[in-house]
Amino acid sequence: MNEKQHAIVIAGGGSTYTAGIVMMLLENRDRLPLRKLKLYDNDAARQEVIAKAIAIELQEKAPEVEFEYTTDPQVAFTDVDFCFAHIRSGGYKMRELDEKIPLKHHVVGQETCGPGGIAYGMRSIGDIIELIDYMEQYSPECWMLNYSNPASIVAEACRQLRPDSKILNICDMPVGTQRRMSQIIGLSPKDLEVRYFGMNHFGWWTSVKDKAGHEYLPQIRDYVAEHGYLTQIEVDIQHMDASWQATHKKAQDLLAVDPHRLPNTYLKYYLYPDYVVEHSDPNYTRANEVEDGREKRVFSAARKIIDAKTSKVGEFAIDSHASFIVDLACAIAYNTHERMLMIVENNGAIANIDPDIMVEVPCIVGNNGPEPLTQGKIPLFQRGMIMEQAMVEKLVVQAWVNHSYQSLWQALTLSKTVPSAEVAKAVLDDLIAANQEYWPELKHDEHEVHLMSDVQPVE
Ligand SMILES: NC(=O)c1ccc[n+]([C@@H]2O[C@H](COP(=O)([O-])OP(=O)(O)OC[C@H]3O[C@@H](n4cnc5c(N)ncnc54)[C@H](O)[C@@H]3O)[C@@H](O)[C@H]2O)c1
Ligand SMILES: O=P(O)(O)OC[C@H]1O[C@H](O[C@H]2[C@H](O)[C@@H](O)[C@@H](O)O[C@@H]2CO)[C@H](O)[C@@H](O)[C@@H]1O
Ligand SMILES: [Mn+2]
């Protein structure tokens, strides 16, 4: 049992993940003792439903933990050791548009990949910087464990705009896929020690060993070649959704492109964009699936607890896979030197790509943060893909900083998901119209040249 009692603020208190994470925190109090828990959100009404139910849970299960929820940044960020950040800038309303606008142009419509991810990035950068500034103003020693998306663009923005801030960017996707790998080979996820290189939602495993050093990659590869990452055992309900099943199955075709490395599932948006578009319903996307599924489940569970005035109705499920967030907090708090995949500045971790790219690699995490483990040189194919995607993300940050239309058009044009500069422009113009409330107003280049297709023919 660790001694120090911690105070945590969850930014994005009204998130569909908050209840599961709070339940997980309660379950892990022997590892990470809690004295105070706060929820912070900029949508008071959404947060209140989750918060009132959590208050009942805490009253019954851990009355000694002080609890409050607020929309006031000073209240939220004063006297906290950790901020767990999972905000969704623009909410599901904007996620739906991020997905549907590109699809209208026959381009991938996805939360974090392609034009949808770029649009979401343009909304998230300012909001995350604002959270960091609140944290530094009110609790300068606090660490932010950020898993708000699009994590890769957010991480690049933080690298450029807040290089010295105590923000750790992390994603649960490798954790989720490694859990599937462990099912395939009959081990537990904690038994695995992996090597991995790439960027967030964009990488490859090069080794999956047990602690004794036995290599399982060939065995997992044979399985993925036949089934993708679809496994028989389902531990989380959301991955029973048809779209997640399809994503896990499609890993088979990702592996075919390079059978020597195990792919991250989201590479499907870059390697098979035409297939993805063909198999998308432009009128019913993942945002709608989540609104009709996870969001409804979580909010009706909260309302049931509130109506019953007791948590005994047992409606909230522990988000057990999210315990990697506790692993990370413990690594910082107790210098555990846990090995975890983190999003960090490259600086030679991948030998043959630029040092100033935010990469996802295994790191040893202690009380000063993550220390990346070197992954050596990577093959031409992956190097090309990573360099291209990294420049897309740098162009997005450049567009946000300089309010530049041209940079953002270049970002969309360079994205492997977009077939031409002309399509990129059409998608961008629709995204600008939809994001007026959220994006900086983009200025046009003083030397702007118009596309031939934009010029009206003279009668
Ligand atoms: N990196 C990962 O591995 C991972 C995994 C799952 C979810 N996520 C991310 O977690 C986030 C939450 O996802 P969700 O589906 O629960 O979304 P959600 O919309 O249910 O929750 C997000 C909450 O953030 C709030 N919010 C938005 N902007 C804010 C701001 N500026 N300040 C404070 N609060 C703000 C919203 O009001 C909402 O209550 C998303 O960014 C999602 O992409 C990341
Ligand atoms: O479409 P959604 O909202 O269901 O999920 C989008 C998120 O997908 C990834 O997280 C998965 C993860 O891959 C899986 O293993 C499990 O842990 O559930 C997570 C949530 O679905 C991705 O990493 C996130 O960044 C996305 O937001
Ligand atoms: Mn992720």
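Just follow the structure's listing: the first ligand is 1, and inside any ligand the first atom is 1. Hydrogens, waters and symmetry mates play no part in the numbers below; they use all other heavy atoms, side chains included.
- Each of Arg286, Lys296, Glu96 was evaluated against Glu291; a single residue qualifies, Glu96, per the side chain to side chain contact (heavy atoms under 4.5 Å, CB included) test.
- The distance from the CH2 atom of Trp204 to the CG atom of Leu254 is 9.5 Å, given to the nearest 0.5 Å.
- If you look at His86 next to ligand 1, the close heavy atoms, those under 4.0 Å, come from the backbone and the side chain alike.
- Residue Tyr120 touches ligand 1 through its side chain alone, judged by heavy-atom distances below 4.0 Å.
- Distances shorter than 4.0 angstrom do not occur between any heavy atom of Arg95 and any atom of ligand 1.
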Quick one: do Glu360 and Asn264 satisfy side-chain hydrogen bond (donor to acceptor under 3.5 Å, both in side chains)? Show the steps, please. CA-CA 11 Å; Glu360 195 166 66; Asn264 184 303; 4.8 Å; no
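- Counting only protein N, O or S atoms closer than 2.8 Å to the Mn ion (ligand 3) gives 2.
- When heavy-atom distances to ligand 2 are checked against a 4.0 Å cut-off, Arg286 comes that close only through its side chain, counted from C-beta outward.
- At a heavy-atom cutoff of 4.0 Å, ligand 2 is contacted by the side chain of Tyr266 but not by its backbone.
- Atoms of ligand 2 found under 4.0 Å from any heavy atom of Gly176, numbered from 1 in the order shown, are 15 (O).
- Below 3.5 Å of separation, one finds an N or O of Ser15 facing an N or O of ligand 1.
- Geometrically, ligand 1 and Tyr92 share a nitrogen or oxygen pair separated by less than 3.5 Å.
- In this structure, CD on Glu393 lies 5.0 Å from CD1 on Ile153, to the nearest 0.5 angstrom.
- For the atom pair SG of Cys363 and CD of Glu338, the computed distance is 12.0 Å after rounding to the nearest 0.5 Å.
- Under 4.0 angstrom from ligand 1, the non-hydrogen atoms of Ile170 all belong to its backbone.
- To the nearest 0.5 Å, atom NE2 of residue His279 and atom OG of residue Ser243 are 13.5 Å apart.
- Close contacts between ligand 2 and Cys171 involve ligand atoms 23 (O) [criterion: under 4.0 Å to a heavy atom].
- In this structure, Glu295 falls outside the shell of residues with a heavy atom less than 4.0 angstrom from ligand 1.
- In this comparison of Arg294, Glu111, His321, the heavy atom closest to atom 3 (O) of ligand 2 sits on Arg294.
- At a 3.5 angstrom cut-off on N or O pairs, Glu130 does not count as close to ligand 1.
- Within the 4.0 Å heavy-atom shell around ligand 1 one finds Ser148.
- Taking distance alone, with nitrogen or oxygen atoms compared against 3.5 Å, Tyr92 stays at or beyond that limit from ligand 2.
- Looking at Arg297, Arg294, Arg88, Glu295 one by one, the single match for side-chain hydrogen bond (donor to acceptor under 3.5 Å, both in side chains) with Thr16 turns out to be Arg294.
- Polar contact check, Arg88 against ligand 2: no nitrogen or oxygen pair lies under 3.5 Å apart.
- At a 3.5 angstrom cut-off on N or O pairs, Ile87 counts as close to ligand 1.
- The side chain of Glu111, and not its backbone, has at least one atom closer than 4.0 Å to an atom of ligand 1 (non-hydrogen atoms only; side chain from C-beta on).
- The residue Glu289 has no part lying near ligand 2, judged by heavy-atom distances below 4.0 Å.
- When all heavy atoms of Leu217 and Trp205 are compared, the pair lying nearest together is CD1-O, 3.8 Å.
- In this structure, OH in Tyr284 is found 9.0 Å from NZ in Lys100, a value given to the nearest 0.5 Å.
- Contacts of Trp244 with ligand 2, taken as heavy-atom pairs under 4.0 Å, involve the side chain alone.
- Across the listed options Val298, Asn42, Ile325, Asn42 owns the non-hydrogen atom lying nearest to atom 34 (N) of ligand 1.
- At least one heavy atom of Arg46 sits less than 4.0 Å from an atom of ligand 1.
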